[in-house]
Structure formats: C-alpha cells, structure tokens
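Just so it is clear, the model here is predicted, and its values are computed rather than measured. One-based numbering along the sequence shown.
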Amino acid sequence: MKLSVRLVALAAVIATAACAPQASGDSSSGKDEKTGTLRVWLFQEVNNAPKEKVVESVVAGFEKAHDGAEVTLEYIPVETRAERIKAAFNDPKSAPDLVEYGNTDTAGYVKDGGLADVTEEFGAWDEAKDTDPTARQSVTVDGKVYGTPYFVGVRALYYRTDVFDELGLEPPASQAELISTAREIRAAKPDLYGIAVGGAYTYGAMPFLWAHGGELATGKGGSYASAIDTPEARKGIEAYTSLFGDDNCPAAKCAGMGGNDTVTAFASGKAAMAIGGDFSHAAIEAGTVKGKYAVVPLPGVKSGSIAPAFAGGNNLGVLKSTSHRTLAVDLMQRLASKKAQGELFDAMGFLPTFSDVRQQVAAKEPFLKPFVETLAADTKFVPASPAWAQIDASLVLPTMFQEVVSGKKDVAAASEGAAKKMNEAFGSVG
C-alpha cells in the first residue's frame with residue numbers, strides 16, 4: 001500500500017563541528033531489507049516547493065513499485081549540512097538511508113566511511129553511460145563510485161534591466177566596471193545594493209580570486225598547500241571585499257550573508273545585481289523582479305573576459321549504514337534519472353548531469369546561454385582533498401572575508417590566518 005510522503009521541517013540548531021562526534025570508519029549494518037521506511041535527506045532550496053513536487057512524484061512511483069516500503073523526506077539547510085551529515089555517519093539509528101550532498105564533500109565523506117561504494121550498481125545502470133565525465137568524477141574517489149550526480153551548476157551575473165535602462169548603464173565587461181557600476185547604482189538609488197554580496201558567500205567570491213590569477217591551494221592527491229595568501233589571491237580578495245561598504249552593500253548587513261541571502265535580496269528587488277547560479281533561476285522568477293532582469297557571464301579582469309567559475313553541483317549517495325541498500329540505490333537512481341533530472345530542470349533550473357538531457361534543455365531555454373558560455377570559458381574546482389569538507393565546515397574563507405570587511409584585519413593578515421588554518425586541515429588528513 002502506498003503511504004504518503006511526510007515532509008519534516010528541520011531546525012537549524014545543530015552542534016558545531018568542533019563538538020560533532022568523530023565518524024566511525026565502517027558502520028555498515030550488513031542488512032538489506034526490502035520493506036520498511038527509507039529516510040531521505042535533501043537540501044532546502046530558496047524556493048523549495050517546485051523541488052518538492054518533482055521529488056514527491058518520484059517517491060510516489062517508488063512506493064508503488066515497492067509494496068511495504070515508504071519514504072520519509074527531510075529538507076535540511078545547506079549551511080549546516082556538514083555537522084548534520086557527519087553526525088549521522090556515527091549514529092546509524094537516526095541516519096538517513098539516502099542523502100543529497102555537495103560535490104565538494106565527496107572525498108571527505110568517503111574518508112569518514114559514511115558513503116556506500118555503489119560502483120557495481122552505477123556500472124550496471126543503463127543511463128549512467130550518458131553521465132557527463134566531470135559529473136561522474138565528482139562521485140568518484142580512487143576509482144570507486146560513491147553515489148550518483150544529481151545536477152551540475154555554475155554561477156553568472158544577474159542584473160536588473162529596468163534599473164540599467166533607467167540609469168543608461170551597460171552590463172559590466174570587467175571586474176573594475178562591475179565595482180564602479182555597483183557604486184554608481186548605489187549612489188543613484190540608495191535604497192538598492194548595487195550588487196548584493198555576502199561575507200559568507202564563498203562560491204560567489206572565488207571567481208574574483210581566480211580571475212586575478214589566484215588559487216585556493218596547490219598540489220594534488222593527498223598533498224595540498226594553501227595558496228590563499230599569495231599576491232594574486234590577495235588581489236582577488238581585495239576586489240571582492242571592496243564591494244562591502246555604504247557605497248554598495250553595507251558590511252553591517254552584508255557581512256553575514258550567504259549565497260541564498262544574496263539571491264533573495266535580488267529576487268525581492270533589493271539589489272540591482274547578484275551573482276547567482278542557473279539553479280537560482282526558479283527563485284528569481286518567483287520574485288518581484290520577474291520580467292525585469294537578464295543574465296551575463298561574470299566578467300573577469302580584462303574587458304570582455306569571463307571570470308573562472310566554480311563547477312558546482314550536488315550528488316546523491318547511499319549511506320553505508322543503511323539497512324535498505326537495494327531500495328536506497330533504486331530510489332537514488334529514480335531521483336537522479338534522466339526523466340527526473342529533466343523535470344527538476346523545468347522546476348528549478350538545475351542543469352542535468354546527463355550530456356544528452358543537458359543538450360535538450362539548453363536548446364529550448366535561452367536563459368541558459370550565459371551559464372553554458374561560462375562553463376565553456378573556464379571552470380575550477382576546490383582541492384580534491386578530504387580536508388576541504390573540514391575547511392568549508394569551519395568557515396575558514398567566510399571568516400577571512402568577514403575579518404576584512406569588518407575592519408578587524410587587512411587582506412594580508414586575514415589571508416595569512418586563513419592559509420594557516422587551511423594548511424592545518426590539509427596536514428590533518430595526511
């Protein structure tokens with residue numbers, strides 16, 4: 001009998017990373033039950049209702065196909081995912097069977113022993129052959145597969161066409177023009193942020209660092225060293241943090257903002273520009289700026305260039321501790337299927353991980369052009385080290401940006417402190 005899906009709103013009151021228990025290396029249950037309740041954790045989006053509708057349809061089909069199985073869904077805050085998921089690795093009784101996770105977390109979660117090796121199932125899945133190679137790489141560690149790519153994402157520059165037309169402005173063609181344009185808009189319209197930026201918006205800040213020739217770290221495999229304090233990286237940090245202030249986005253309001261906050265500010269009409277992803281499209285379309293905005297690639301340092309963007313995206317993974325492995329793998333593949341990814345694109349604007357499906361949706365949606373151009377120009381990724389999850393969860397980079405915009409430290413001192421913390425993390429994983 002099909003049972004209804006229960007959506008559970010989660011509180012964000014979660015223990016800090018320092019207090020989280022150390023994850024065990026192997027907590028496999030050894031069971032593979034074909035009935036019972038599957039617990040699924042997915043990420044909470046800015047506008048989550050369309051995503052929920054797609055997921056509910058998939059779950060309904062799954063429950064119909066598996067008599068005696070039901071699914072309980074929880075949508076968890078992205079910002080606190082690290083603590084929540086790592087704690088689940090050490091507590092099988094309260095852990096989910098299936099989880100959505102950021103592609104930057106793969107190596108760390110595998111090192112923690114939390115994700116199940118699904119290499120065999122992935123290889124036998126007919127649709128997997130059309131998975132984009134980069135997306136496939138995001139679920140692969142040391143040649144083994146630990147999940148299924150769910151969607152890929154890249155960021156570009158959203159801007160208000162009505163504001164630009166009124167002030168006689170053109171979309172900025174360089175980062176210097178971006179900064180000056182933001183200040184010009186703020187001066188003409190003090191009720192608007194020229195561009196909404198956030199001190200906790202790591203992936204919105206990275207293109208500034210990369211565009212100036214900086215890197216997060218150097219090295220490969222198990223050996224990395226921070227590069228956040230190099231002269232090139234510092235130029236990028238200085239460019240990004242120059243956007244915090246009364247002449248654009250006041251530090252008192254913007255220092256604590258994350259990516260969702262900046263998208264919300266733009267969608268609600270409080271900002272003339274914002275750095276948002278293709279995955280932000282649905283939320284912005286649901287806002288007050290609908291019909292009054294356009295998107296261009298985020299400019300680089302040289303006029304006409306495109307800043308390197310973070311190649312983001314999310315994956316789905318089965319926890320090693322599940323007692324419903326077969327069911328969990330089946331649901332994972334249903335949620336990440338070509339049909340479901342196509343529907344998720346229509347609902348949320350999330351780019352599919354299948355090359356053929358992505359070509360199909362790009363052909364029918366003009367708004368994808370600047371994102372496809374960005375992907376083609378240059379994308380970068382975070383260090384492929386288990387330490388990155390620790391660096392990200394410890395808010396090393398947001399702390400650095402916030403130290404600068406608050407005036408507590410200059411760029412040199414803040415980046416030096418961040419580099420030290422990053423190197424400690426890299427060293428801790430060998």
*asked:* So which atom in Ser321 and which in Pro92 form the shortest heavy-atom distance, rounded to 0.1 Å?
replied: CB-CB, 3.8 Å
*May I ask you to check whether Phe310 and Phe381 place their ring centers less than 6.0 Å from one another?*
yes
*Report yes if some heavy atom in the side chain of Glu238 is under 4.5 Å from a heavy atom in the side chain of Val404; otherwise report no.*
no
*asked:* side-chain contact (heavy atoms from CB on, under 4.5 Å), that's the test. Do Asp378 and Ile306 meet it? Break it down for me.
replied: CA-CA 8 Å; Asp378 190 13; Ile306 298 175; over 6 Å; no
*Check the pair Thr119, Thr140 against side-chain contact (heavy atoms from CB on, under 4.5 Å), reporting the backbone distance first and the verdict last.*
CA-CA 9 Å; Thr119 306; Thr140 305; over 6 Å; no
*So, Ser394 side chain and Ile391 main chain: donor-acceptor pair closer than 3.5 Å or not?*
no
*Neighbour count above 12 (heavy atom, 6.0 Å) for Glu416 CD*: no
*Is the backbone of Ala336 close enough, under 3.5 Å, to the side chain of Gln341 for a donor and an acceptor to pair up by distance?*
yes
*Please check if the side chain of Asp32 supplies one atom and the backbone of Thr326 the other of a donor-acceptor pair under 3.5 Å.*
yes
*Looking only at heavy atoms, which two atoms of Ala227 and Ala233 are closest? And how far apart?*
O-CB, 3.5 Å
*Between Thr379 (side chain) and Ala309 (backbone), is there a donor-acceptor pair under 3.5 Å?*
no
*Taking the side chain as C-beta and beyond, is there a heavy-atom pair between Glu215 and Thr230 under 4.5 Å?*
no
*Under a 4.0 Å N-O cut-off, is there an ion pair linking Lys53 with Glu343?*
no
_Counting neighbours of NZ on Lys338 that are heavy atoms of other residues, nucleotides or ligands and sit closer than 6.0 Å, is the number greater than 12?_
yes
*Show the numbers, then the answer: is there a side chain to side chain donor-acceptor pair (under 3.5 Å) between Ser138 and Asn315?*
CA-CA 8 Å; Ser138 76; Asn315 301 329; 3.3 Å; yes
*Test item: Lys51 side-chain N/O and Phe43 main-chain N/O as donor-acceptor pair under 3.5 Å*: yes
*Determine whether more than 12 heavy atoms belonging to other residues, nucleotides or ligands lie under 6.0 Å from atom CD of Glu120.*
no
*Check whether any side-chain heavy atom of Lys421 sits under 4.5 Å from a side-chain heavy atom of Met400, and report yes or no.*
no
*Would you find a donor on one side and an acceptor on the other, under 3.5 Å apart, between the side chain of Asn423 and the backbone of Ala225?*
no
_How close do Ala347 and Ala282 get, counting heavy atoms only, and between which atoms?_
O-CB, 3.4 Å
*asked:* If you apply the rule side chain to side chain donor-acceptor pair (under 3.5 Å), what do you find for Ser415 with Asp229, and how did you get there?
replied: CA-CA 5 Å; Ser415 61; Asp229 57 346; 5.9 Å; no
*Got Arg136 and Phe122 here, is their nearest side-chain heavy-atom distance under 4.5 Å?*
yes
_If we ignore hydrogens and angles and just use 3.5 Å, is the side chain of Tyr193 paired with the main-chain N or O of Pro250 as donor and acceptor?_
no
*Would you please indicate yes or no on a ring centroid separation below 6.0 angstrom for Phe89 and Tyr109?*
yes
*Considering residues, nucleotides and ligands other than Glu365, do more than 12 of their heavy atoms fall under 6.0 Å from its CD?*
yes
*Minimum heavy-atom separation for Leu192 to Gly269, with atom names?*
CD2-O, 3.1 Å
*So His66 and Phe62, would you call those rings parallel, tilted or perpendicular, with 30° and 60° as cut-offs?*
tilted
*Electrostatic pair Arg160-Asp162, nearest N-O below 4.0 angstrom*: yes
*Count the heavy atoms belonging to other residues, nucleotides or ligands that lie under 6.0 Å from NZ of Lys380, then report whether that count exceeds 12.*
yes
*Please answer whether the main-chain N or O of Phe266 pairs with a side-chain N or O of Tyr293 as donor and acceptor at a distance below 3.5 Å.*
no
*Do the rings of Phe279 and Phe151 sit parallel, tilted or perpendicular, given the 30° and 60° boundaries?*
tilted
*Could you tell me whether a side-chain N or O of Arg81 sits under 3.5 Å from a main-chain N or O of Val78, the two making a donor and an acceptor?*
yes
*Taking side chain as C-beta onward, heavy atoms only, is His281 less than 4.5 Å from Tyr158?*
yes
*Flag, side chain of Asn248 to backbone of Ile179, donor-acceptor distance under 3.5 Å*: no
*Is any NZ, NE, NH1 or NH2 atom of the basic residue among Asp356 and Arg358 found under 4.0 Å from an Asp or Glu carboxylate oxygen of the other?*
no
*Do Lys364 and Asp346 sit within salt-bridge range, that is, some charged N less than 4.0 Å from a carboxylate O?*
yes
_Contact summary for Thr37 and Asp97, nearest pair of heavy atoms_ = O-OD2, 3.8 Å
_More than 12 heavy atoms of other groups within 6.0 Å of Lys292 NZ_ = yes
*asked:* What I'd like to find out is whether the side chain of Met273 reaches to under 4.5 Å of the side chain of Pro171, using heavy atoms alone.
replied: no
*Starting from the C-alpha separation in whole Å, work towards a yes-or-no answer on side-chain contact (heavy atoms from CB on, under 4.5 Å) for Met257 and Thr264.*
CA-CA 10 Å; Met257 287 169 56; Thr264 299; over 6 Å; no
_So Ile237 and Phe208, do their side chains get closer than 4.5 Å, heavy atoms only?_
no
_Val405 side chain reached by Tyr240 side chain, heavy atoms, under 4.5 Å_ = no
*Trp125/Met332 under side-chain contact (heavy atoms from CB on, under 4.5 Å): CA gap, chis, key distance, verdict*: CA-CA 11 Å; Trp125 185 26; Met332 175 180 71; over 6 Å; no
*List the atom of Ala389, the atom of Asp105, and the distance in Å for their closest heavy-atom pair.*
CB-OD1, 4.2 Å
